[in-house]
J.: 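Provided herewith is a single structure, encoded as structure tokens, for subsequent inquiry.
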Amino acid sequence: DVYKRQVSLENKYGDAYIQELSGQANLNIQYGNLKVNRLLRGNTKPYNSINLAYGNAEVEEVAWLDLFVSYSDFETSSAEMLFIENKYSKVYGDKAGTIITEGKYDKYNFEEVDNFVSEVKYSNIKFAKLNKKFSVDGSYTNVKIESLAKSFEEVRADLSYGNLTMGTEPGTSFNLKAESKYGGINVGPEGKLSKVKENSYVKIWGDVGSGGKAKVDVITRYGNITIN
């Protein structure tokens with residue numbers, strides 16, 4: 001049965017398990033493990049909240065969640081909306097709708113993400129597929145998106161001391177503006193592109209494929225941009 005009331009839990013040096021909850025969850029786990037089957041509460045404040053430190057959490061399915069994670073691993077199979085503060089931790093899983101995160105010394109690894117917005121330092125971001133929008137402001141951070149969906153809307157990146165690598169599905173079209181200072185730019189797909197190179201600065205802009213409404217606006221300093 002689905003438990004509908006609010007659940008508040010503080011757990012240190014032990015494990016906790018929740019089957020299914022539609023009410024609000026406020027879970028604090030330190031030096032232990034958390035396993036949850038389903039957190040169903042959606043876009044209703046206060047949101048579900050998990051504060052995880054020096055532990056591991058596995059949440060099979062979650063709707064909307066405030067996640068505070070430090071020195072830990074957080075895994076989910078399906079998440080609708082994640083608001084994350086991340087320190088020295090890994091957040092990973094199969095499918096996420098929207099992720100909004102701020103972190104340092106953090107990792108993100110998902111098979112499929114619709115939207116991702118981040119401000120990070122000393123980070124690593126890897127997605128197999130991005131469906132809609134991606135935005136990152138990062139330093140000492142590497143980004144790899146294996147495949148942009150044909151229907152993606154926007155990719156924006158501002159990176160210092162980090163590389164950006166993206167793959168595209170065949171036939172994907174978008175408007176491109178890419179700049180690199182003390183780095184290189186490699187664009188594989190064909191299009192109507194212009195290029196300027198002056199000393200340590202390079203810029204490539206124009207339409208990839210037939211152009212269209214989708215946009216890629218990326219800049220790196222001391223890093224490379226690769227679009228395959």
J.: Does Tyr182 offer a backbone N or O that forms a donor-acceptor pair with the side chain of Ser200 under 3.5 Å?
T.: no
J.: Can you name the closest pair of heavy atoms from Gly23 and Asn48 and give their distance?
T.: O-OD1, 3.6 Å
J.: Does one side chain, of Ser180 or Thr220, offer a donor that lies under 3.5 Å from an acceptor on the other?
T.: yes
J.: Quiz question: by atom type and distance under 3.5 Å, do the side chains of Tyr108 and Asp106 form a donor-acceptor pair?
T.: yes
J.: Please go through Met81's hydrophobic cluster and name the other residues, only I, L, V, M, F, W, Y counting, with side-chain heavy atoms under 4.5 Å joining them.
T.: Tyr47, Trp64, Phe83, Ile100, Val117
J.: Which pair of heavy atoms, one from Val120 and one from Ser123, lies closest together, and at what distance?
T.: CB-OG, 3.2 Å
J.: Could you name each residue pair satisfying side-chain hydrogen bond (donor to acceptor under 3.5 Å, both in side chains) that touches residues 183-198, not counting sequence neighbours?
T.: none
J.: As a quick check of understanding, evaluate salt bridge (charged side-chain N to carboxylate O under 4.0 Å, His left out) for Lys133 and Glu153, giving each step before the final call.
T.: CA-CA 6 Å; Lys133 294 183 179 181; Glu153 298 172 18; 3.8 Å; yes
J.: So, the side chain of Ser147 versus the backbone of Lys129: is there a donor-acceptor pair under 3.5 Å, distance only?
T.: no
J.: Taking only residues two or more places apart in sequence or in another chain, which ones pass ring-ring contact (aromatic ring centres under 6.0 Å, His included) with Tyr92?
T.: none
J.: Taking Ser118 for its side chain and Ser135 for its backbone only, find out whether a donor-acceptor pair lies under 3.5 Å.
T.: yes
J.: For residues 158-168, dump all side-chain donor-acceptor pairs below 3.5 Å to protein atoms at least two apart in sequence or in another chain.
T.:
from: Asp158; atom 1: OD1; to: Arg221; atom 2: NH1; distance (Å): 2.6
from: Asp158; atom 1: OD1; to: Arg221; atom 2: NH2; distance (Å): 3.2
from: Ser160; atom 1: OG; to: Arg221; atom 2: NH1; distance (Å): 3.3
from: Asn163; atom 1: OD1; to: Asn224; atom 2: N; distance (Å): 2.8
from: Thr168; atom 1: OG1; to: Asn228; atom 2: O; distance (Å): 2.9

J.: Side-chain donor-acceptor pair under 3.5 Å between Ser49 and Asp66, yes or no?
T.: no
J.: Please name all residues satisfying side chain to side chain contact (heavy atoms under 4.5 Å, CB included) with Glu58, sequence neighbours left out, ordered by chain then number.
T.: Lys35, Glu60, Glu75
J.: Ignoring hydrogens, what is the shortest heavy-atom contact between Thr172 and Ala149? Give both atom names and the distance.
T.: CG2-O, 4.3 Å
J.: Got a donor-acceptor contact below 3.5 angstrom from the Ser173 side chain to the Gly209 backbone?
T.: no
J.: Could you work out, with ring-ring contact (aromatic ring centres under 6.0 Å, His included) as the rule, every residue matching Phe174, not counting sequence neighbours?
T.: Phe152
J.: Look at Arg38 together with Glu61 and state whether they make a salt bridge at an N to O cut-off of under 4.0 Å.
T.: yes
J.: Ignoring hydrogens, what is the shortest heavy-atom contact between Val202 and Gly183? Give both atom names and the distance.
T.: CG1-O, 3.9 Å
J.: Measure across Lys181 and Tyr201 and return the closest heavy-atom pair with its distance rounded to 0.1 Å.
T.: CG-CD1, 3.7 Å
J.: Using 30° and 60° as the class limits, which term best fits the ring planes of Phe134 and Phe116: parallel, tilted or perpendicular?
T.: parallel
